[in-house]
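Scroll down for the structure; my scribbles are underneath it.
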Number of protein chains: 2
Amino acid sequence: MSSSTPPTHDPKWRRLPEERPRQILEAAIAVFGEHGIAAAKLEEIAARAGVSKGTIYLYFPSKEDLFREVIRQVLVPRIAQVEHELTGGTAIEQIERYLRVHWHYFDRPEAASWLRLVLFELHKFPDLEQFYYDEVIALSNRVLGDVLRRGVASGELRQLDPAASVSLIKAVLLMHVIWMSSPAAKASARAPQHTIDGIVDFVLHALRPDAPAGVAAPVLP
Amino acid sequence: MSSSTPPTHDPKWRRLPEERPRQILEAAIAVFGEHGIAAAKLEEIAARAGVSKGTIYLYFPSKEDLFREVIRQVLVPRIAQVEHELTGGTAIEQIERYLRVHWHYFDRPEAASWLRLVLFELHKFPDLEQFYYDEVIALSNRVLGDVLRRGVASGELRQLDPAASVSLIKAVLLMHVIWMSSPAAKASARAPQHTIDGIVDFVLHALRPDAPAGVAAPVLP
DNA sequence: TTAGTAAATGACTTATCGGTCAGTTATATA
DNA sequence: TATATAACTGACCGATAAGTCATTTACTAA
């Protein structure tokens, strides 16, 4: 047509070697979350990242390695960050805050999907599971365990095994996250707000001292 | 060699139309349990059942229907049976028995694998999930819910929402079954016996009445 | 302007697996 | 023993998706 057309061609694609890994990882966390490891398609990840399938292989050797990097570079930091939103207050207050902060964090469907995936599909990759355990679970357990130890020492909580209690508390919380995230559960469900209130009530009752006649622990309103 | 060989040929296979469905279902529950729905291979199910892949299709229209029948004919009766091992005693005793009986039931790796599968993969088959909910979960919830209602009425337990408490109790139990069944967890694990003792202690503390004389305000919906 | 090359593409290869069916074998019955 | 047929087999088909690579395109620097 007109010879005034500038020499620029609207390139079909651009060279962005610095940004590709991040773009791919971001797309991958979404797709893995939605479909799980096995059912996630590289074509879909590529499409969402705005690249072709071949490009993924320029940066990640295989689907499994891509998954590894998603955990390492995206998931671990994201979860570790949540663990640090809790400081200050009595042990009871911190436990309640722990429950509510995590409940709120897992309220996003994406987070719940990943929890599902970690709990139920990760065991097929034992080394990854170990890595995840060391980096995420152990940290998280330490944080909550310390709170419990302090509470026991101060008499705010009854005499209990902190490590075991961490598991018990998390079990209640995480299982309800799973249940609330399933559409079927939502049919028969009460409101999420009501659910977390019930969890907090249940857990705190389980942890408080027996309060036999003598020293009735002051129950705050 | 010898011409005394009887005319019988050691048939390569036998006609057993009455037994095939059971054989196939038994093989299927094992393979589905080990690999999940998607990763279970019909060839493997066929091999374990001692038949060829084609034979499966003489009795079941598709892999998904086979899975349905496994739930219907194998899993539901097996679980329903467990629910009935608990009768008699105080509410507290029944709850403790409920926890220990189920803990023992899920001690077999096969049972834990199926729990995983139900929690993680069943949501991809909404009608199946509904079916499972109606046949298994609802029954189980009713049984335990009745125990709680009785306990509340008699004052053995504190004022609580029975339906919500059923979820809370099951959450603790089931999540620990999952965790105990994962090899990674076993590394850092205490003994199963110790774990179930901790669960019982935790749950019973959460359910017992507040000791202090004053009227601790129960939260009722 | 023009090689030179790094980045990116997408058609292709390969493997897997659910599902089909023409052919084979066992067994009942005549 | 001969015939009919129900039960069963396993080679095959088609769809899907991970992974490869010859080719194309964007960019750089001489």
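We name chains A, B, ... by the order of the sequence lines, and we start the count at 1 in each one. Quick note: numbers below take in every heavy atom, side chains included, and nothing from hydrogens, waters or symmetry partners.
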In whole angstrom, what separates A/E44's CD from D/dA17's P? 10 Å
A/A39 near the nucleic acid: base, sugar-phosphate alone, or nothing, with a heavy-atom cut-off under 4.0 Å? nothing
By nearest atom, which of the nucleotides C/dA11, C/dT27, D/dT9 is closest to the B/T55 side chain? D/dT9
Quick check, are the ring centers of A/F67 and A/W114 under 6.0 angstrom apart? yes
Whole angstrom is fine here: how far is it from NZ in A/K12 over to C1' in D/dA26? 11 Å
Whole-Å distance, B/I56 CD1 to C/dG18 P, equals 9 Å
With a 4.0 Å cut-off on heavy atoms, is A/L16 in touch with a base, just the backbone sugar-phosphate, or nothing at all? sugar-phosphate
Minimum-distance nucleotide to A/Y59 side chain [options: C/dT27, C/dT20, C/dA8]: C/dA8
Distance check, rounded to the nearest 0.5 Å: B/L25 atom CG versus B/I71 atom CD1? 12.0 Å
Nucleotide nearest B/R14 (side chain, heavy atoms from C-beta), chosen from D/dG10, C/dT27, C/dT20: C/dT27
Taking atom P of C/dT16 as reference, at what distance in whole Å does atom CG of B/L42 sit? 16 Å
B/L58 CG to D/dT5 P, straight-line distance once rounded to whole Å: 18 Å
Expressed in angstrom and rounded to an integer, what is the separation of B/K41 atom NZ from C/dA15 atom P? 15 Å
Neighbour count >12 (heavy atoms, 6.0 Å) for atom CZ, B/R14: no
Sub-3.5 Å donor-acceptor pair from the side chain of A/K170 to the main-chain atoms of A/S140, do we have one? no
Choosing from C/dG19, D/dC8, C/dA26, which nucleotide comes nearest the side chain of B/P11? C/dA26
Between A/I37 and A/G54, which is nearer to the 5' end of DNA chain D once each is assigned its nearest nucleotide? A/I37
Just the rounded figure in Å: distance from P of C/dA8 to CZ of A/F60. 12 Å
Among the nucleotides C/dA8, D/dT9, C/dG19, which one has an atom lying closest to any side-chain atom of B/K63? C/dG19
Could you state the OH-P distance from B/Y57 to C/dC17, rounded to the nearest angstrom? 13 Å
Taking any heavy-atom pair under 4.0 Å as a contact, classify A/A40: base, sugar-phosphate, or nothing. sugar-phosphate
Ignoring hydrogens and angles, does a donor from either the side chain of B/K53 or the base of C/dG18 sit under 3.5 Å from an acceptor on the other? yes
